[in-house]
Amino acid sequence: MRGILGGDTETAARHVLGAFLVRGTGPEARAARIVEVEAYVGEDDLASHARFGRTWRNAVMFGPPGVAYVYLVYGMYHCLNVVTEPAEQPAALLIRAVEPVLGVDSMRAARIDRAVRRVRRRGEEAVERARRAVGTMPAERLACGPGLVGDAFSIDAADDGLDLCDEASSLRLELAAGAGPPPVQAGPRIGIDYAPEPWRSRPWRFFVPGSPSLSAGSRRVPRQEAP
DNA sequence: GCAAAGATTTGCT
DNA sequence: GCAAATCTTTGCC
């Protein structure tokens, strides 16, 4: 796995799709199939956190492949990236969506925990609303966005720099056994309107078409046939 | 030092 | 369709 991640990021993306993100071991383990990622490649990618060069926040992007790069976005969501390409070349794959396959109850509990934390200032009514919303949500929607992956897998700053290729890590990647590579579709990255062209339009979002767990941006409204 | 904006999600108008 | 929530990082004075 590490060897694949150390190559070019688009190739790495096509191998990460279909692989599993795993948290913990035993009865508490959570696992999910990765179905949507985005590539951020090089200091000259003006959509990437690496665009200002090496800083304290993005330092692990400049390190060896297979390591977790975790950052806090909008002051409330922790996003998980897998570092790619050789050391000194800053690149990573943002994990945007996964399909839960194991430990669904733990993921739901983790989602509820963070949802409640966020709305608790707004009162008991808001807390109950959040509990109910996440509690009745279909399993395939528990991690259908980058912030929601962070919530469902209890990801935070403590995971930054973790080796995702070490099977002893609390958070890790595992190749899909047996299954061949899934079909992959590409599109422009989401939420980077601040970036100039050509970066804004680069088709560096990769996803498994048809997955029920895609983020809103990758979910395709089925085209209506002309009458 | 301070001001501004952000690789998001949710809920209300 | 739009704004709020929330806090770290970056950039400018």
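Letters A, B, ... mirror the listed sequences (proteins, then strands); counts begin at 1.
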Student: For residues 175-183 of chain A, tabulate all N or O donor-acceptor pairs below 3.5 Å that involve a side-chain atom, not counting sequence neighbours.
Tutor:
none

Student: Can you pull out every side-chain hydrogen bond (donor to acceptor under 3.5 Å, both in side chains) where at least one residue sits in residues 171-183 of chain A? Sequence neighbours excluded, please.
Tutor: R172(A)-E174(A)
Student: How is A133(A) classified with respect to the nucleic acid when contacts are heavy atoms under 4.0 Å: base, sugar-phosphate, or nothing?
Tutor: nothing
Student: How about F153(A) and L21(A): do any of their side-chain heavy atoms sit closer than 4.5 Å?
Tutor: yes
Student: Please work out the stems of DNA chain C from pairs that are Watson-Crick or G-U wobble with both distances under 3.5 Å, keeping only runs of three or more consecutive pairs.
Tutor: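 The stems that DNA chain C takes part in, listed by first number, are B:1-6 with C:7-12, B:8-12 with C:1-5.
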Student: Start with the C-alpha distance between S218(A) and E36(A), add both sets of side-chain angles, then the distance that settles side-chain hydrogen bond (donor to acceptor under 3.5 Å, both in side chains), and finish with yes or no.
Tutor: CA-CA 8 Å; S218(A) 299; E36(A) 182 178 333; 3.0 Å; yes
Student: Nucleotide range of DNA chain B contacted by chain A, 5' to 3', under 4.0 Å to a heavy atom?
Tutor: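 Span of nucleotides near chain A: dG6(B) to dC12(B).
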Student: So what does R111(A) hit on the nucleic acid, given a heavy-atom distance under 4.0 Å: a base, only sugar-phosphate, or nothing?
Tutor: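 Sugar-phosphate only.
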Student: What does nucleotides 3-13 of chain C look like as a protein-contact string, B for base, S for sugar-phosphate only, - for none, at under 4.0 angstrom between heavy atoms?
Tutor: --BBBSSSS--
Student: Run the side chain to side chain contact (heavy atoms under 4.5 Å, CB included) test against I112(A) and tell me which residues pass, sequence neighbours left out.
Tutor: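 I112(A) satisfies side chain to side chain contact (heavy atoms under 4.5 Å, CB included) with R108(A), V116(A), R131(A), V134(A) only.
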Student: Give me each pair satisfying side-chain hydrogen bond (donor to acceptor under 3.5 Å, both in side chains) with a member in residues 184-198 of chain A, each pair once, sequence neighbours excluded.
Tutor: D45(A)-R189(A), E197(A)-S201(A)
Student: What distance, rounded to whole Å, do you find between the two P atoms, one in dA7(B) and one in dG1(C)?
Tutor: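 It works out to 23 Å between them.
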Student: Taking the nucleotide of DNA chain B with the closest heavy atom to each, which residue, G191(A) or M137(A), is nearer the 5' end?
Tutor: G191(A)
Student: Quick check against the 3.5 Å criterion: does T9(A) have a side-chain atom that pairs as donor or acceptor with the backbone of V41(A)?
Tutor: no
Student: With sequence neighbours left out, what residues match A31(A) under side chain to side chain contact (heavy atoms under 4.5 Å, CB included)?
Tutor: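 Partners of A31(A) under the side chain to side chain contact (heavy atoms under 4.5 Å, CB included) test: V22(A), V101(A), L102(A).
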Student: Say whether S154(A) and R23(A), considering side chains only, have a donor N or O and an acceptor N or O under 3.5 Å apart.
Tutor: no
Student: Is there a donor-acceptor contact under 3.5 Å from the side chain of N81(A) to the main chain of V83(A)?
Tutor: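 Pair absent, no side-chain N/O of N81(A) close to backbone of V83(A).
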Student: Give me each pair satisfying side-chain hydrogen bond (donor to acceptor under 3.5 Å, both in side chains) with a member in residues 118-128 of chain A, each pair once, sequence neighbours excluded.
Tutor: R118(A)-D151(A)
Student: Considering residues at least two apart in sequence or located in another chain, which fulfil the salt bridge (charged side-chain N to carboxylate O under 4.0 Å, His left out) criterion with R132(A)?
Tutor: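 R132(A) satisfies salt bridge (charged side-chain N to carboxylate O under 4.0 Å, His left out) with no other residue.
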Student: Please list, in numerical order, the residues of residues 139-153 of chain A that have a heavy atom closer than 4.0 Å to any atom of DNA chain B.
Tutor: G145(A), P146(A), G147(A), L148(A)
Student: Less than 3.5 Å apart, which donor and acceptor atoms pair up between the side chains of residues 62-79 of chain A and the rest of the protein, not counting sequence neighbours?
Tutor:
residue, atom, partner, partner atom, Å
Y69(A), OH, H49(A), ND1, 2.7

Student: With rounding to the closest Å, how many angstrom separate the P atoms on dC2(B) and dT6(C)?
Tutor: 22 Å
